[in-house]
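Okay, structure first, notes after.
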Amino acid sequence: MKKIIFILITAFTAGSIHAQLPNTQWKARINTGATINVVFDFKKDTCSIYNIADSSIIETMSYNVNDTAFTVHKIDGQSDCEASTIGKYRFEIKDGALYIRLLTDDCDDRSSVLDNTKWVPWKIPQEVKVDESVLKQRVGVYQLDEAHPIYITLEDGRLYVTGPNNQLPKSPLLAESDTKFFLKIAAVEFDFVKDANGNVIKLISHEEKDYELKKVK
């Protein structure tokens with residue numbers, strides 16, 4: 001009886017491990033010659049990595065999960081990997097983050113991107129309608145320091161952000177609520193903060209860590 005119970009527990013644990021990757025999405029910053037924000041999208045037996053800024057697919061692969069490791073084969077994409085080249089990686093989900101480590105992969109294009117990476121859960125924000133009178137209150141100049149201002153403007157009922165000294169081109173902000181907005185090109189959220197009188201005084205940019213940018217104009 002003890003042996004049967006042990007087998008059942010082992011089978012359940014293995015099934016739980018296997019279920020950690022299918023139908024999940026994870027975000028990270030990777031270097032493919034330039035540093036970009038991407039999503040690792042695991043379906044049932046295929047996965048893809050795509051650029052958040054323009055939704056372009058970087059690589060599509062088939063994959064198999066075995067305990068705490070997964071193997072991938074290229075289906076289509078931008079890397080120099082051959083379809084016959086197998087990549088094997090160890091993974092761990094800890095404290096809500098996905099950690100990936102190289103086990104073996106003869107495709108340097110793939111291993112150089114995936115090895116020793118940390119991924120956080122990704123969800124596509126749902127855009128909501130915000131009254132234009134509310135959006136106008138967020139318009140202005142915000143800065144972390146004098147050398148790096150960003151400009152929030154309002155055009156055709158949508159907020160845009162520009163950061164000339166931050167290599168941030170003019171980009172739309174998607175409203176998640178009256179105070180929370182999503183910058184897709186950088187995959188970060190902005191929170192606009194008001195004072196006791198209801199005036200917007202700063203925004204907080206949620207990146208690897210939080211940055212507070214004071215409204216100066």
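All heavy atoms count here, side chains included; hydrogens, waters and symmetry mates do not.
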Indicate yes or no for a side-chain donor-acceptor contact from Thr35 to the backbone of Asn31 under 3.5 Å, with no hydrogens or angles considered.
no
Go through it in stages, so that I can follow the logic: the residues are Thr117 and Tyr99, the test is side-chain contact (heavy atoms from CB on, under 4.5 Å), and I'd like the CA-CA distance, side-chain angles, deciding distance and then a yes or no.
CA-CA 6 Å; Thr117 52; Tyr99 296 87; over 6 Å; no
Without swapping roles, check the side chain of Glu59 against the backbone of Ser79 for a donor-acceptor pair under 3.5 Å.
yes
Can you name the one residue among Arg110, Lys88, Arg90 that meets salt bridge (Lys or Arg N to Asp or Glu O under 4.0 Å) with Asp105?
Arg110
Gly96 and Pro121 have their tightest heavy-atom pair at O-CD, 3.0 Å
What I'd like to find out is whether the side chain of Val38 reaches to under 4.5 Å of the side chain of Tyr50, using heavy atoms alone.
no
Could you walk me through whether Ser205 and Leu213 satisfy the side-chain contact (heavy atoms from CB on, under 4.5 Å) test, starting with their C-alpha distance in whole Å, then the side-chain angles of each, then the deciding distance to 0.1 Å, before giving a yes or no?
CA-CA 8 Å; Ser205 177; Leu213 290 82; 4.2 Å; yes
Please examine the side chains of Asp41 and Thr24, heavy atoms only from C-beta on, and report whether any two atoms are closer than 4.5 Å.
no
Between Ile204 and Asp210 the two heavy atoms that sit nearest each other are CG2-CB, 4.0 Å
Determine the minimum heavy-atom distance between Cys81 and Asp109, stating which atoms define it.
SG-CB, 4.4 Å
Going only through I, L, V, M, F, W and Y residues with side-chain contacts under 4.5 Å, is there a path from Val39 to Val120?
no
Once rounded to the nearest 0.5 Å, what's the spacing between atom OG of Ser171 and atom CG of Leu159?
12.5 Å
Between the side chain of Asp115 and the main-chain N/O of Leu102, is any donor-acceptor distance below 3.5 Å?
yes
Relative to the ring of Phe190, is the ring of Phe192 parallel (under 30°), tilted (30 to 60°) or perpendicular (over 60°)?
perpendicular
Please check: side-chain N/O of Asp195 versus main-chain N/O of Asn197, any donor-acceptor pairing under 3.5 Å?
yes
So, is the end of the Lys170 side chain (NZ or CZ) under 6.0 Å from the ring centre of Tyr160 and within 45° of the ring's axis?
yes
Single-linkage hydrophobic cluster Val128~Leu183, side-chain heavy atoms < 4.5 angstrom:
yes
Indicate, with yes or no, if the rings of Trp119 and Tyr89 have centres closer together than 6.0 Å.
no
Hydrophobic clusters here meaning ILVMFWY residues chained together by side-chain heavy-atom distances under 4.5 Å, can you tell me if Val161 and Leu144 are in one?
yes
Same cluster for Leu154 and Tyr151 if Ile/Leu/Val/Met/Phe/Trp/Tyr side chains link at under 4.5 Å?
no
Using the rule given for side-chain contact (heavy atoms from CB on, under 4.5 Å), can you reason through Arg29 versus Ile36, listing the C-alpha separation, both sets of side-chain angles and the distance that settles it, and then say yes or no?
CA-CA 5 Å; Arg29 290 172 63 85; Ile36 57 175; over 6 Å; no
A quick test of your reading: do over 12 heavy atoms of other residues, nucleotides or ligands sit less than 6.0 Å from CD of Glu155?
yes
Find the distance between CD (Glu212) and CD (Gln143) and round it off to the nearest 0.5 Å.
13.5 Å
Indicate yes or no for a side-chain donor-acceptor contact from Asn37 to the backbone of Ala186 under 3.5 Å, with no hydrogens or angles considered.
yes
Is there a side-chain contact between Asp131 and Asp178, using heavy atoms and a 4.5 Å cut-off?
no
Do Leu21 and Val72 sit in one hydrophobic cluster, given that two such residues count as connected whenever their side-chain heavy atoms are within less than 4.5 Å of each other, even indirectly?
yes
Is Lys74 paired with Asp76 through a side-chain N to carboxylate O contact shorter than 4.0 Å?
no
Minimal non-hydrogen separation, Gln78 against Ile57, with atom names
NE2-O, 3.2 Å
dist Ile152:CD1 -> Lys217:NZ (nearest 0.5 Å) comes out at 14.5 Å
Within-4.5 Å side-chain heavy-atom neighbours: Lys180 and Glu189
yes
Between atom OG1 of Thr71 and atom CE of Met61, what is the distance when rounded to the nearest 0.5 Å?
11.0 Å
Least distance between heavy atoms, Lys184 atom then Ser55 atom:
NZ-OG, 3.5 Å
Cys107 and Thr85: which non-hydrogen atoms are nearest, and at how many Å?
N-CG2, 3.9 Å
Side chain to side chain, Trp122 and Ile52, heavy atoms closer than 4.5 Å
yes
For the backbone of Lys43 and the side chain of Tyr63, can you confirm whether one donor and one acceptor N or O come within less than 3.5 Å of each other?
yes
Residue pair His73, Ile75: steps toward the side-chain contact (heavy atoms from CB on, under 4.5 Å) verdict
CA-CA 6 Å; His73 296 76; Ile75 297 174; over 6 Å; no
Just by modelled atom types, is the Val139 backbone N or O under 3.5 Å from a matching donor or acceptor in the Lys215 side chain?
yes
First locate atom OH of Tyr142, then atom CD1 of Ile150, and finally report the distance between them rounded to the nearest 0.5 Å.
8.0 Å
Glu92 side chain reached by Arg101 side chain, heavy atoms, under 4.5 Å:
no
Please check: side-chain N/O of Ser84 versus main-chain N/O of Glu82, any donor-acceptor pairing under 3.5 Å?
no
Do Glu127 and Arg158 sit within salt-bridge range, that is, some charged N less than 4.0 Å from a carboxylate O?
yes
When rounded to the nearest 0.5 Å, the distance separating CD1 of Ile185 from CG of Asn51 is 8.5 Å
Does any N or O in the side chain of Asn166 come within less than 3.5 Å of the main-chain N or O of Leu168, such that one atom is a donor and the other an acceptor?
no
Please check this pair: side chain of Lys27 against backbone of Ala187, looking for a donor-acceptor N/O pair closer than 3.5 Å.
yes
Min side-chain heavy-atom separation Asn165-Pro149 under 4.5 Å
yes
Could you walk me through whether Trp26 and Phe40 pass the ring pair (Phe, Tyr, Trp, His ring centres under 6.0 Å) check?
CA-CA 5 Å; Trp26 305 86; Phe40 209 156; 9.5 Å; no
